[in-house]
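Just follow the structure's listing: the first ligand is 1, and inside any ligand the first atom is 1.
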Amino acid sequence: MAEIRFDGRVAIVTGAGHGIGRMYALELAARGAKVVVNDLGGARDGAGADQSAADQVVAEITAAGGEAVANYDSVATMKGGANIVQTAVDAYGKVDILVNNAGILRDKSFLKMSEEEWDLVIAVHLKGAFCVTQPAVKLMKAANYGRVIFTSSTSGLYGNFGQCNYGAAKMGLVGIMNTLKLEIANYNIKVNTIAPTAYSRMTSDIFPPEFEKKLNPQFNAPMVLYLASEENDVSGMIYVMGAGWYGRTAVVSGKGVCIGNGIREIHPEEIRDHFQQVNSLAETKPHASGANIFEYMTPLVSK
Ligand code: NAI
């Protein structure tokens with residue numbers, strides 16, 4: 001088995017001071033990457049800041065013979081994003097890999113969610129990914145090489161009680177990816193999204209304690225490292241994982257049904273009468289872009 005290596009590659013991992021991001025940083029460095037360990041070092045809800053989170057991971061990497069540098073900026077501002085990328089450029093001259101991983105939680109049921117709780121979570125997960133990815137992709141485009149990973153969640157992909165802010169942000173990342181994959185397709189930049197599962201400080205009061213060993217954060221690292229490697233040539237995909245299980249998920253369309261003749265008005269009763277076909281996911285397909293949806297309408301629009 002040829003080993004996957006990152007010698008000569010420069011990787012940024014955001015939120016790498018704890019949990020899953022820490023594992024990505026350690027494993028990328030162990031396989032030769034020079035790593036920017038970004039972490040604001042705040043609490044689980046985003047409050048505060050502490051440089052020791054990133055410093056500790058850098059110390060672990062260097063103690064093991066790897067190369068890493070710390071960055072303490074928040075991902076949630078354009079200035080922070082620019083500084084994170086600049087840290088990589090100043091230390092190592094380029095950015096080949098970006099893992100957008102930083103995250104916080106402010107859970108509340110929909111009716112109780114405050115504006116502040118909404119804004120903060122969207123700022124870190126969704127805007128934060130934009131703030132870091134834009135300056136990174138600028139460099140990747142010029143270098144004609146890059147690997148970008150966004151971190152979504154099953155809470156956004158499928159839903160979870162009390163996480164409408166988090167779920168919206170996490171699903172929003174899929175929206176960014178769907179557009180970005182098209183815009184950077186000609187520059188050898190691959191962008192993919194993962195939804196990890198791990199026992200971490202983010203989930204330690206959600207999962208039962210006996211899950212601590214089963215949901216080892218390490219189990220998420222191999223997928224991210226593969227997607228971050230030169231060998232990976234898929235882009236625009238979503239992978240869900242945890243406990244050693246890895247699988248693809250996708251937004252798909254059902255075959256649906258064409259009603260009418262492309263000219264006459266269509267009535268709600270016709271939707272009711274065809275609802276089984278409209279609702280069916282029996283023959284589903286993912287789509288490479290939004291434009292592909294027109295293929296279903298061809299019988300109507302070509303008339
Ligand atoms: P964690 O709380 O252990 O780590 C998140 C890290 O992000 C922390 O070190 C924190 O200081 C850092 N961070 C927070 N806000 C930041 C900011 N503004 N700028 C820079 N760094 C910041 O959480 P965990 O579990 O390792 O989560 C990592 C990612 O995986 C997050 O995006 C999370 O939403 C996602 N995720 C985790 C799941 C799980 O089961 N643990 C499930 C689904 C998604």
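Ion pairing between E60 and R22 holds under the 4.0 Å rule for side-chain N and carboxylate O. Using a 4.0 Å cut-off between charged nitrogen and carboxylate oxygen, K141 and E183 do not count as a salt-bridge pair. The pair K190-E230 fails the salt-bridge criterion, with no side-chain N (NZ, NE, NH1 or NH2) lying under 4.0 Å from an Asp/Glu carboxylate O.
Less than 4.0 angstrom separates some heavy atom of T197 from each of these atoms of ligand 1: 40 (O). Distances below 4.0 Å separate heavy atoms of T203 from the following atoms of ligand 1: 39 (C), 40 (O), 41 (N). Close approach of ligand 1 to G42 is summarised as follows: ligand atoms under 4.0 Å from at least one heavy atom of the residue are 11 (O).
Counting heavy atoms closer than 4.0 Å to ligand 1, residue I104 contributes side-chain atoms (C-beta onward) but none from N, CA, C or O. When non-hydrogen atoms are compared, ligand 1 lies under 4.0 Å from the backbone of S152 (N, CA, C, O) but not from its side chain. The residue R22 has no part lying near ligand 1, judged by heavy-atom distances below 4.0 Å.
What sits closest to atom 24 (P) of ligand 1 on the protein, heavy atoms only, is S200 OG, 3.5 Å. Protein heavy atom in closest approach to atom 14 (C) of ligand 1: G103 O, 3.3 Å. Atom 44 (C) of ligand 1 has Y166 OH, 3.2 Å as its closest protein atom, hydrogens excluded (heavy atom only). If you check which protein heavy atom lies closest to atom 30 (O) of ligand 1, you get T151 CG2, 3.4 Å. Closest to atom 23 (O) of ligand 1, if we only count protein heavy atoms, is M202 CB, 3.6 Å. For atom 11 (O) of ligand 1, the closest heavy atom belonging to the protein is D39 OD1, 2.5 Å. Nearest protein heavy-atom contact of atom 41 (N) of ligand 1 is A198 O, 3.1 Å. Scanning the protein heavy atoms around atom 18 (N) of ligand 1, the nearest turns out to be S74 OG, 3.0 Å.
At a 3.5 angstrom cut-off on N or O pairs, V75 counts as close to ligand 1.
Nearest residue to atom 20 (C) of ligand 1 from T77, T14, N38, I20 is N38 (criterion: closest heavy atom).
To the nearest 0.5 Å, the span separating CD1 on I4 from CZ on R31 amounts to 6.5 Å.
Not a single heavy atom of R44 sits less than 4.0 Å from an atom of ligand 1.
Defined by atom type and a distance below 3.5 Å, a donor-acceptor pair is present between the side-chain atoms of S114 and E117.
For the pair R9 and Y92, the cation-pi test (distance below 6.0 Å, angle within 45°) is failed.
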Go through it in stages, so that I can follow the logic: the residues are Q163 and N160, the test is side-chain hydrogen bond (donor to acceptor under 3.5 Å, both in side chains), and I'd like the CA-CA distance, side-chain angles, deciding distance and then a yes or no.
CA-CA 6 Å; Q163 294 197 317; N160 197 22; 3.2 Å; yes
